[in-house]
Amino acid sequence: MHDPRNCGKSRARRMTEAVEQALAEALALLRELPRHRHGERAARARFAQFKTSHPGLPCRLLIEAKPGSDDLDYDILLTIAGAGTAALSWHPDHGIPWTARYADHWAANFVLTINGRSTTIQSALLYLSARLQPRPDLMRDLVDRALLFAAIEDAPPDIGEAELEAAVDTFRMRQRLYSGAAMQQWLDDMQLTMETLQELVAQSLQLEKFKIALVADQMRPHFDAHRRDFDRLTVMRLETKTPASARRLAATWRRSGTCPVLDGKQAPRDASGRLETLFACDLPAAFAGAENGSVIGPVDDGGTFWVGQVLARQAARYDDPTRERIRDLIIDAWLTAQRSKATIHWHWV
């Protein structure tokens, strides 16, 4: 007669055997992983093979870059259903006492940690050196970058050798590192090896591929649903320091129908102006729905007051600039959603 208890015991025994095998293989893997910084890519590739061979056992590879050292340490976390998580680590015996080896604070080399994933100071500095001028909101940029890394952690996009080499060359050109000597000097100044730079550039390529995949199916539907947001408006705005000056400016502007500066008339002494062409979604809300010739304002802009006019409005078209703006909006919306759910700890503030 069939006994269901025997089936349960058999399943439990098979699960125990699978876990024991995975633990043994994980320990063997830890002993074989390269311990130098330039071996990180190889280590991640080896762990990906291990993970593929154990599809029913959720697992993660944690990589620790020691402060002031080129060495790496690894831990493997194995989640066992109904039991908990096993953490494995292995360290070669170099004759250094454990307490001396780990006397530094665990976060000494980290800038921040988001959802358990840490960003190293070295990685952050390289990123900031490329982003400092175009994007001043650096702390949010670092948070967003960490969230993107978390999104690709389980299945990072593949990067070919030729693709990586071309990306490194592009990085060198952007940094104006035209000679081998200049490249080596930059590496020395940043205290990086070429292998580490290649790893960081490869990570940037993986993030870009993730972004492309993220927006691929949303671009055209977003444009069709928000077409008027991508009309191009040419607007003239004059800013003044007082509401009274702004009211006089608006009255003069409406009577003539033309900006006093463009009409050859004298603008208020405290006025400064700008002429720009932007997507409708990037203009102040007061311009929403405004037609050609409309004079807007005065508008209180937090300490200054402006008056503006729509000089031209071009209907939206699905061209390269529009696609780039839609891509940014979709990615920003995704990041905003991720930030709202993330647990963020800064280690330097």
Side-chain angles (χ1 to χ4, degrees), residues 112 114-115 117 119 124 127-128 130-157 167 170 174 201 203-237 239 274-292 294 296-297 299-302 306 308-344:
L112 78 160
I114 297 181
N115 293 337
R117 181 182 178 88
T119 297
Y127 177 70
L128 296 181
R131 300 285 286 182
L132 182 60
Q133 293 184 353
R135 291 284 297 275
D137 193 359
L138 298 177
M139 292 182 72
R140 200 184 79 174
D141 272 3
L142 280 174
V143 170
D144 290 349
R145 182 171 180 267
L147 291 169
L148 288 164
F149 272 126
I152 67 171
E153 187 172 33
D154 290 336
T170 299
R174 288 177 178 172
V201 171
Q203 290 174 353
S204 295
L205 283 175
Q206 290 172 329
L207 294 186
E208 182 61 24
K209 287 191 172 185
F210 171 77
K211 291 177 183 178
I212 291 172
L214 176 68
V215 306
D217 297 332
Q218 302 182 61
M219 298 277 288
R220 185 70 203 208
H222 186 96
F223 175 77
D224 292 338
H226 307 278
R227 180 182 294 266
R228 194 165 173 82
D229 287 349
F230 300 101
D231 287 354
R232 288 177 172 87
L233 275 66
T234 300
V235 300
M236 181 71 186
R237 279 192 283 173
E239 294 181 353
R274 50 182 166 173
L275 177 66
E276 54 193 353
T277 299
L278 298 171
F279 290 115
C281 61
D282 294 326
L283 285 166
F287 282 109
E291 300 298 337
N292 288 355
S294 301
I296 310 297
V299 176
D300 186 343
D301 197 21
W306 61 262
Q309 184 177 34
V310 178
L311 303 181
R313 184 170 194 136
Q314 298 177 336
R317 54 185 185 275
Y318 194 60
D319 55 12
D320 287 344
T322 301
R323 284 191 287 270
E324 183 176 353
R325 188 69 188 99
I326 293 173
R327 167 195 154 104
D328 290 344
L329 289 170
I330 293 172
I331 293 171
D332 284 347
W334 182 87
L335 287 168
T336 298
Q338 298 303 307
R339 285 195 301 271
S340 70
K341 298 181 291 185
T343 301
I344 302 172

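Both backbone and side-chain heavy atoms feed into the values below; hydrogens, waters and symmetry mates do not. For clarity, every value in this text was computed on a predicted model and none was experimentally measured.
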Grab the two heavy atoms, one from [X] and one from [Y], that are nearest each other, plus how far apart they are.
X    : Y    : value
R220 : Y318 : NH1-CD2, 3.3 Å
V310 : E291 : CB-O, 3.4 Å
A167 : L205 : CB-CD1, 3.7 Å
A342 : N115 : CA-OD1, 3.7 Å

Going from [atom1] on [X] to [atom2] on [Y], what distance comes out if it is rounded to the nearest 0.5 angstrom?
X    : Y    : atom1 : atom2 : value
I152 : L147 : CD1   : CG    : 12.0 Å
D328 : R323 : CG    : CZ    : 13.5 Å
T336 : R140 : OG1   : CZ    : 6.0 Å
R339 : L335 : CZ    : CG    : 6.0 Å

Flag side-chain contact, heavy atom, 4.5 Å: [X] against [Y]:
X    : Y    : answer
I330 : M219 : yes
I114 : V143 : yes
D229 : L329 : no
D144 : Q338 : no
T170 : R174 : yes

Salt bridge or not for R237 and D301, using N-O below 4.0 Å?
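Result for this pair is no, no salt bridge flagged.
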Which donor-acceptor pairs under 3.5 Å do the side chains of residues 209-217 make with protein atoms, sequence neighbours left out?
residue : atom : partner : partner atom : Å
K209    : NZ   : D158    : O            : 2.8
K209    : NZ   : E163    : OE1          : 3.1
K209    : NZ   : E163    : OE2          : 3.2

Decide side-chain contact (heavy atoms from CB on, under 4.5 Å) for W306 and I296; before the verdict, give the C-alpha distance in whole Å, the side-chain angles of both, and the deciding distance to 0.1 Å.
CA-CA 9 Å; W306 61 262; I296 310 297; 4.1 Å; yes
If only atom types and distance count, is the side chain of [X] paired as donor or acceptor with the main-chain N or O of [Y] below 3.5 Å?
X    : Y    : answer
D231 : A316 : yes
Q206 : P157 : yes
R313 : A280 : no

Where at least one partner belongs to residues 278-288, residue pairs that pass salt bridge (charged side-chain N to carboxylate O under 4.0 Å, His left out), sequence neighbours excluded
D282-R325
How far apart are the C-alpha atoms of I326 and Q218, what are their side-chain angles, what is the distance that settles it, and do they pass the side-chain contact (heavy atoms from CB on, under 4.5 Å) test?
CA-CA 9 Å; I326 293 173; Q218 302 182 61; over 6 Å; no
F230 ring centre to R317 NZ or CZ under 6.0 Å, with the angle to the axis within 45°?
no
